[in-house]
Every structure is written in C-alpha cells, then in structure tokens.
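Atoms considered below: every heavy atom in the structure, side chains included; atoms not considered: hydrogens, waters and symmetry mates. Both counts, for ligands and for their atoms, begin at 1 and track the order of listing.
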Amino acid sequence: MTNRRYIIGGNWKMFKTPAEAASAAKALKVKLINVENVDVVVCPPAVDIVPVVEMLKESTVRVSGQNMHWEDDGAFTGEISAGMLKDAGCDYVVLGHSERRHVFGETNTEVNKKVLKALARGLKPIFCVGEKLEEREAGKTESVVGAQVREGLAGVSVESADDLVIAYEPVWAIGTGVTATPEHAEDVHRYIRELLADVFSPGLASRLRIQYGGSVKPSNAESLLSRENIDGALVGGASLDPDSFTEIVKAAENLST
Ligand code: 13P
C-alpha cells in the first residue's frame, strides 16, 4: 500500500442474532479503542444494524448494510432501501457481493442501479467483484472482472466516485479456506486500478481503495495487505470472532505506521 488508508471490513453474512451481534460489537469497541489510521467497518445482518449502531456509538467502527434495493420505497417485500440503512446509522453498504450475484442471481445491471442509488443517498458502496473458478481456469478473470467494473460503475460521476470502495473477492477463495496468493490478488488489484483510471481518472484511481476478500485470516493478512495495490480486506469467517478480526485490523495498523 502506498499512501492510502487501509479499510478493513467484517462481513458477518447471515450469522449472529441481534443479541449476539450487539455483544460482538461491544467486544470490538473495547478491543479497537486505540486503533489509529485504519477505517474499520462491520456489516451485520439487517435486523442487527440498530443494536450494533447503538453499541458502537462513540466508537470509530462504522456500520454497513449487506445489500439494498435500488428503489426508494415501494411494494418490494423482503427488501430494504438506502434511506432505511442510512437512517438506521449505516455509512456503507456492500453491493454485488458474490453470494448475491451467484446465489440470488443479481446482474451487473442491478448492481449498477444499487451503486447509483447508494451514492445518491449518501451511502458509501463497498462494490464487490470477482471471478468464479471455471472463469479463472478459462483465463477469463480480466474479462469477467472488467465487465463487472465497467457495467457496475456505469454512470457514476467522477465527483461521487470518491466515496466508492472496491472489493475484489475471487469466488473460489470465499469460505473455502483457499486464499488467492498475494501475487494473484496484487495482479488483479493492479488491473482493477488501471480500469478505474480509464473509467474515471488516473488521480481518482490512485486514491480509491481496493479490498481483497476470500479466506483472509490473521495468519495471511500481513502478506496480502503489504502488496502495493491491496488497500484493505473484506473478511467473512474470521470477522465473526472479535479476537481474530482485531488481529487483522492490527496487522493493517502495523503496516500503516
Ligand atoms: P471468507 O473470509 O469467509 O472467505 O468470506 C469472504 C467474503 O465473502 C467477505 O465478503
């Protein structure tokens, strides 16, 4: 990493009841109290957001939604809007996570509508991209990720793009225990930064942060985060335990001082 500030996210996916989430947030508030120079974001399930926000008052840890609809409101049973997330106390929202794309069939076009709405409503998108194993094996990583970036960010203005965070999460590395090598991750991150330079501008691309996600844990965090184009991590399984998540945040802090 160069002069960008690390951003470490904990994606809790569909884990933790409201009481369990509040207890994890309480633990993180204490453990991370003296952490400096790192942005820390937790992404709890929707019903946990309010108790987690409440628990993290007077903490620097920020809260993110895991998904949202692109409409402001309407007859969309089971959905949640940008305005609801914002009013509940979220600063960020994860969009286009591979589980949304591949389990629930979200398309680049839908993710794009969500990105545009989140930015319009003052939420910072954590915009996820990544290739599947068969795409990687067929040598299609760059074309798949390229289409996700270009189509997912279509119509985003240079002025609003400063609020974006990108997460590169190769699908074959998520929840599998298989981590992309730092070399593979760095190569794709560099490619994404070149794309961002083309889509927006070289100056903006150099400022935007690109997180790596996929089996990040305390034992591999430093080797990933020390790469030039890896500006943070989006952590799934290892974020559920406040101790291991704190270790990953501290690895970022150590590298930034
Ligand atoms: P794991 O860290 O469990 O592989 O999950 C990564 C992820 O999907 C984070 O969004």
Identify all pairs of nitrogen or oxygen atoms, one from ligand 1 and one from the protein, separated by less than 3.5 Å, and list them with distances.
| residue | atom | partner | partner atom | Å |
| --- | --- | --- | --- | --- |
| ligand 1 | 2 (O) | Ser215 | N | 3.4 |
| ligand 1 | 2 (O) | Gly236 | N | 2.9 |
| ligand 1 | 3 (O) | Gly237 | N | 2.8 |
| ligand 1 | 4 (O) | Gly175 | N | 2.6 |
| ligand 1 | 4 (O) | Ser215 | N | 2.8 |
| ligand 1 | 5 (O) | Lys13 | NZ | 3.2 |
| ligand 1 | 8 (O) | Lys13 | NZ | 2.8 |
| ligand 1 | 8 (O) | His97 | NE2 | 2.8 |
| ligand 1 | 8 (O) | Glu169 | OE1 | 3.4 |
| ligand 1 | 10 (O) | Asn11 | ND2 | 3.0 |
| ligand 1 | 10 (O) | His97 | NE2 | 2.9 |
| ligand 1 | 10 (O) | Glu169 | OE1 | 3.2 |
| ligand 1 | 10 (O) | Glu169 | OE2 | 2.9 |

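- Between His184 and Trp172, the angle of the ring planes goes over 60°, which puts this pair in the perpendicular group of the 30/60° scheme.
- Using modelled atom types and a 3.5 Å distance limit, the side chains of Ser81 and Asp72 yield no donor-acceptor pair.
- Within the structure, salt bridge (charged side-chain N to carboxylate O under 4.0 Å, His left out) contacts touching residues 244-257 (residues at least two apart or in different chains) do not occur.
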Enumerate donor-acceptor pairs with a distance under 3.5 Å from any side-chain N or O in residues 89-97 to protein atoms, sequence neighbours excluded.
| residue | atom | partner | partner atom | Å |
| --- | --- | --- | --- | --- |
| Asp91 | OD2 | Arg62 | NE | 2.8 |
| His97 | ND1 | Glu99 | N | 3.0 |
| His97 | NE2 | Glu169 | OE1 | 3.0 |

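- Among residues two or more places apart in sequence or in another chain, the salt bridge (Lys or Arg N to Asp or Glu O under 4.0 Å) test is passed with Asp87 by none.
- Ring geometry for His189 versus Tyr212: interplanar angle of 30 to 60°, hence tilted.
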